[in-house]
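Single-structure report; data block below.
The chains referred to below are lettered A, B, ... by the order of the sequence lines, with proteins before strands, and numbering in each begins at 1.
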Protein chains: 2
Amino acid sequence: MLIRMPTNESPPIPSKPPRRAARGAAAAARIVPSAGGGAPSRGRAARGSARDKLIAAAHQTVRRKGYAATTVDEICAVAGVTKGAFFHHFASKDALAVAAAEGWTERARPMFELPPHTKLGDPLDRLLGHIDFRLAMLDGPVEDFTCFVGTMVQEAYATNDAIRAACEASITAYCEALTPDIEAAIARHGISHGVGAMSLARHVQAVLQGAFIMAKTTNDAAIARDSVTHLKRYILMLFSRG
Amino acid sequence: MLIRMPTNESPPIPSKPPRRAARGAAAAARIVPSAGGGAPSRGRAARGSARDKLIAAAHQTVRRKGYAATTVDEICAVAGVTKGAFFHHFASKDALAVAAAEGWTERARPMFELPPHTKLGDPLDRLLGHIDFRLAMLDGPVEDFTCFVGTMVQEAYATNDAIRAACEASITAYCEALTPDIEAAIARHGISHGVGAMSLARHVQAVLQGAFIMAKTTNDAAIARDSVTHLKRYILMLFSRG
DNA sequence: ATCAACATACCGACTAGTTGGTATGGTGTC
DNA sequence: GACACCATACCAACTAGTCGGTATGTTGAT
C-alpha cells in the first residue's frame, strides 16, 4: 500500500484564509518554494509564508515530542523562521496551538474528498473504503500517521480550555464528515442493535486514537493495524456482512 | 454504579519491596498514617513512605497535566515531601517516570483479582464482567479514570526509550492478564473469523485508550462509555451472543 | 543492654541552564 | 512613507538537578 496523507508538506487545501480578519490576496501568493527556487529575491522565503510554515512545524514537532516538550525555539527552527516572526503571527505558544488545531482540520479534509473510494455508489462501501484508507495510512514512522489534536488534547484538557476546545472541534469535524455516509448506509442496509451514525463515527475515531497509542508503545504500526482490522470487522458485522 | 479503582491512595498491593536491593523489614513498617495519626513522633510522616507517595503523586499529576508539564517541584508538593527526598529515591525525573510506570502495573492488578465477576464460572462471563467493570469505572473527573502509562507514552515514545519500554511493559501486562479468560472463552464457545486471544486483548486496550482521549476532548466520560459499549457489542457478536 | 559505627531517609538553599515572551531595529511592497 | 513582515538581542521566570547537612534507624561487638 502506498497511499499516504501529506505529512510534512504544507496544508493541501488552504482555501480558507487562516482565520485572520483582513488578509486579502495574501492567500493567493501561497507558493512556498521551500528554499530551492531561484526567482524570488535571493534565497529568502516568500513573504507571508511564515505562518503556515510555523503551523506545519508545530504539527510535525508536537506529534513527535508532545506539546509541552516542544519549545517555541524548536518550532521556529523547524519552520526555518525566527522568533520575531513567530510572535508577529501568534500572540503566544498557546495561540499557535489553537491555530494549529484548526489547521489540522483543513489538513484532514482531503481524506473525505480525494481518494477513489469516495466515488463509490454504495455508502457502506464508501465507509469501508475509508476504513481501508485509514488502515493503509498506518505505515512508516509513528510520528507520521498519528493525530496532532489527539496528542495535544491529552496535555491540555485540564489546563487549557481554549486548546481543548480547538481539539474537540477538530475531532468533531472528523466525525461529522463521516456521519452522512454512515447514515445513508443505515438507511440502505439497516444496522444491528439500533446503533446510531454519530455514535459509530465517534467509535471509529476512538479506535483510531487508541490504535495510535498502542503503536506508540511499541514504536510500530502493526499493532495499530490489528485494532483497526477489528473495527472493520465490527462494522461488517453491524451491517450483517460479517 | 459505585465501583471505582483506587486513585489517590497508595498502591494497593505493595508486596514487592519497591525493587531495592537490601530492604529487610523496612517494608513491614509501611503504615502511612497520611498526616493524621497521633502516635508517631508529632505530625511527621512515617519514614520510608516518601517513595510511594512520590509515585502516587506522579500518577495523579501526570494524568492531569501530562509528563513534560509536570515539574519535580509539583510532584514533591503533591506528595508532601521535599526535593531532597525526591532525588534521594530517584536519580532523575525520568527515573521516577519508569518507576511510576512499574507502579501503575501493580495498581491495576486488583482489577483482575478482586471484583466479584472474577469468580464467575464461564470465562466469557468473566471477560464481559471485566468490560462492564471498566465501563463502570468511566465516571467522575476524567483525570481519575484515565491511564497513566497511556498518557505518558505519548510524550516519550520517540524521545525516551526507557520510559517508552516501561509503558509498553505495563500495557502488555494488562493484555496478558486478560488473555487467559479470552483463550478459555474461545475454547468453550468458539469465535468468529479466527480472532486470536492476544489480538482481542490488545483491541480491548486500544478501545479503552481511545475512549480516554475522546473523554478528554469533551472533559466528559459519556463519550467514552459509548465507545466501550461498542466494544462490548463487538465481543458479544464475535462469540455469537449478539 | 549499651554504645560506637554505619546506613538510610530526608531537608532546603543554591546553581547552571532553559523557556516563553519582549523591545527594537531592518526591509520590502503598496 | 506607512505598514506588514521579519530579524536580532535580550530578559525575567522557571526548571532539573546538586550539595552540605541533619535525623532516624540498624548492626554487631562488648
Exercise. Given dG21(C), dC6(D), dG12(C), which nucleotide is nearest the side-chain atoms of Phe87(A)?
Worked result: dG21(C)
For this session: Mind checking side chain to side chain donor-acceptor pair (under 3.5 Å) for Lys65(B) and listing every partner two or more places apart, or none if nothing turns up?
Result: Glu74(B)
For this session: Return the value, rounded to whole Å, for the distance between atom CZ of Phe86(A) and atom P of dA4(D).
Result: 20 Å
Exercise. Under the 3.5 angstrom rule, does the side chain of Gln209(A) hit a backbone N or O of Ile213(B) as a donor-acceptor pair?
Worked result: no
Exercise. So does His89(A) get a side-chain nitrogen or oxygen closer than 4.0 Å to the phosphate oxygens (OP1/OP2) of dC5(D)?
Worked result: no
Exercise. In terms of ring plane angle, is the pair Phe112(B) and His130(B) parallel, tilted or perpendicular, where the classes change at 30° and 60°?
Worked result: parallel
Exercise. Going by the angle between their ring planes, with limits at 30° and 60°, are Phe148(A) and Trp104(A) parallel, tilted or perpendicular?
Worked result: tilted
Problem set entry | Phe90(B) CZ to dA9(C) C1', straight-line distance once rounded to whole Å | 13 Å
For this session: Let me know the distance between CD of Glu74(B) and C1' of dA16(D), rounded to the nearest Å.
Result: 14 Å
For this session: For nucleotides 13-19 of chain C, just jot down a letter per nucleotide in 5' to 3' order: B, S or -, based on protein non-hydrogen atoms under 4.0 Å.
Result: ------S
Exercise. Can you tell me how far C1' of dA4(D) sits from CZ of Arg51(A), to the nearest Å?
Worked result: 14 Å
For this session: Can you see which heavy atom on Ala100(A) is nearest to which on Ile55(A), and at what distance?
Result: CA-CG2, 3.9 Å
Exercise. Between Lys216(B) and Thr151(B), does a side-chain contact (heavy atoms from CB on, under 4.5 Å) hold up when you go through it step by step?
Worked result: CA-CA 11 Å; Lys216(B) 284 171 181 174; Thr151(B) 300; 3.2 Å; yes
Seminar exercise, completed: If each end axis of the helix from dA1(C)-dT30(D) to dC30(C)-dG1(D) is fitted on five C1' pair positions, the angle between them, to 10 degrees, is 10°
Seminar exercise, completed: Between NE2 of His88(A) and P of dG21(C) the distance, given in whole Å, is 17 Å
Exercise. Quick one: does Thr217(B)'s side chain have a donor or acceptor within less than 3.5 Å of a partner on Met214(B)'s backbone?
Worked result: yes
Problem set entry | Under 3.5 Å donor-acceptor, Arg64(B) side chain and Glu143(B) backbone | no
